[in-house]
Amino acid sequence: MTDREELESMCKRRGFIWQSAEIYGGEAGFYDYGHLGARLLDNWKREWKEFFLGLDENYQVIHTPSIHPYRVLEASGHVDHFSDVMVRCERCGSSFRGDQLVEEETGENAEWMGKEEISEKILELDLSCPDCGGTFSEPEDFNMMFQLDIGPTGEKKGFLRPETAQSAYLNFRREFRALRKKMPMGLATIGSAFRNEISPRRGVYRMREFQQAELQIFFLPGIHDDIYEAKFEEIKDTKVRIKRAEAEEAKEIELQDIEDIPAFYLYHLGEMYRFASEVMDLDPKEIRFRELPSEERAFYNKIHFDLEVDFDTIGGWKEISGLHYRSDHDLKQHQEGSNTKLSVPTDNGRKIPHVIELSYGIDRNIWALLDKGYHPDDDRAWLDLPGRLTPRQVAVFPLVRKDGLPEKSREVYDVLDDDLLAHWEKSGSIGKRYARNDEVGTRYCVTIDYDTLEDDTVTIRDVESTEQIRVSIDEIDEIIEGLIEGEKSFQYHQKS
RNA sequence: GCGGUUGUGGUCUAGACUGGUUAGGACCCAAGCUUCCCAAGCUUGUGGCCCGGGUUCAAAUCCCGGCAACCGCACCA
């Protein structure tokens, strides 16, 4: 069980993550990644792209701005739905959503109401604070989006995007032509999104500026089903732990035994599970899919499962990614808002493509790796990260700092540094260097000793077992890369 | 945003209630010595009272304001 303070301390001491602008006291909801954290991020993004773009040759990555013009988010519904009317009790200071107060009293839907309507209703219904009975202040808008002025006059308005998804929808038309009208088509975006959270909490779990990796897939149900049915065939016996909306507990089940969900959805669900368990190497017992009941999900999400991780440091099961079948909602909204035709021709006339969205909170995924990988045991603290994700794949040391060992170790380092994330150090005892590297997840430690000078062999130490093998310098590059790619295990080399 | 708790080198902390030595310790980090494999030892060194204001001869300590973190509430299209 990893303690949150212990992990945060390690992250700060060693160079992973800490509060942004901390020399000025910081600002809630913003975090910086240090040199190791930034590498871990880069590695994760690279693996994510390689994995998900590899699912289909027509899944591609695009790069887009973080600022959207006002009309984009007006059309998407964010201007209305991301903004709530808040009223505050003048006596006790509690604040409430105005529409909820009105709905409770009248039983009618009040979500459409603006400041004025809410204000009138409060007077008309003579509403008072449910906590203390006090009177309310004038209602105010609270918008979760950061609004901006664009240009010198301040007349153009825009927002920092609250999700990266819209960027893909905005590019659907252009890419559909550029990719020569092939469907299904996937557009992936990796970038920052911004939400002016009332109270950011739990470290990087809920931030005001955060990073998303999303894959928006455009397809037509009924027309492209066979493509996904064929793909699904190959992974249909994948076992996943799933908690259905109506179920009390999560159950392990083969995907093919889920009968009420179409193949295009189950296929991506299975691949998301493979990414978590195989690429991120998360323990199947500590991940699950949870289906959101209708009251928890947005109205346009027809099917919605979150992938959750059982965190030690931030209070149990929490979402790190989601799979949403959004139907044709998004393109329909933008077709109307932009007056641009976003439908595509089919044998039965033009149709607006549907969207299935794979949405990853990158920072949450990074925190999951650290939370599940960090082992602050009594005898040693070590970080267990997959070889392709760890910020430091190999470290090279001289056993002692004399007799030419440092120079020799430097030569070995120079070779390894070409193809691997390598590190070299000489200070402190050999044990201390192992300990330092265990803590940041260095996968392998190579030590140059007196035998090296005799026969050009070195030892390689495995972070997990702390055991060593002795290999020739000529092969070292190849052996370590083989270990990191998972071609051969450390145990294999121990036996041979 | 509301309430409670807290804020001391890089990390963890003593000191605060009862204002008054040079703000002490452990670990870490750096340099050197030593060292033939798992945080050994020795020497030397860098570095700190969250920010701003007030009270006082004197503030890490008391008071006010701000900021941040944690917990609870609310919020989380």
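Only a predicted model underlies this, so the values are computations on that prediction, with no experimental measurement involved. So you know, we letter chains A, B, ... as the sequences are listed, proteins then strands, and number each from 1.
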message = Tell me whether A:K408 is salt-bridged to A:D456, with the criterion being a basic N under 4.0 Å from an acidic carboxylate O.
response = yes
ask   = Should A:K372 and A:E286 count as an ion pair when the cut-off is N to O under 4.0 Å?
value = yes
Which part of the nucleic acid does [X] contact within heavy-atom distance under 4.0 Å: base, sugar-phosphate only, or nothing?
X	value
A:R195	base
A:Q19	sugar-phosphate
A:Y205	nothing
A:G15	nothing
A:E163	base

Counting only Watson-Crick or G-U wobble pairs whose two distances fall under 3.5 Å, which nucleotide matches [N]?
N	result
B:C62	B:G54
B:U18	none
B:G32	B:C42
B:C67	B:G7

Among [options], which nucleotide has an atom closest to any side-chain atom of [X]?
X	options	value
A:R201	B:G72, B:U35, B:A68	B:G72
A:R401	B:C38, B:U34, B:C75	B:U34
A:K12	B:U11, B:A30, B:G1	B:U11

ask   = So, the side chain of A:Y31 versus the backbone of A:D363: is there a donor-acceptor pair under 3.5 Å, distance only?
value =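 Flag not set: sc A:Y31 to bb A:D363 has no pair under 3.5 Å.
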request  = Answer yes or no on whether A:R461 is positioned over the face of A:Y444, meaning its NZ or CZ is under 6.0 Å from the six-membered ring centre and within 45° of the axis.
outcome  = no
key: Stacked cation flag A:R288 on A:W317, 6.0 angstrom / 45 deg   = yes
inquiry  = With a 4.5 Å cut-off on side-chain heavy atoms, are A:I17 and A:W367 touching?
reply    =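 Of all side-chain heavy-atom pairs linking A:I17 with A:W367, at least one is under 4.5 Å.
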request  = Determine, for nucleotides 40-46 of chain B in 5'-to-3' order, which nucleotides have protein heavy atoms under 4.0 Å from the base (write B), from only the sugar-phosphate (write S), or from neither (write -).
outcome  = S------
message = Can you check the distance between B:G7 and B:A16, where both ends of the measurement are the P atom (answer in whole Å)?
response =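 The answer is 13 Å between these two P atoms.
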query = Expressed in whole Å, how much space separates the C1' atoms belonging to B:G52 and B:C75?
reply = 31 Å
query = Taking atom types as they are modelled, is there a donor-acceptor pair under 3.5 Å from the base of B:C75 to the side chain of A:S199?
reply = no
task = Kindly say whether, by distance alone, the side chain of A:R13 makes a donor-acceptor pair under 3.5 Å with the base of B:C28?
result = no
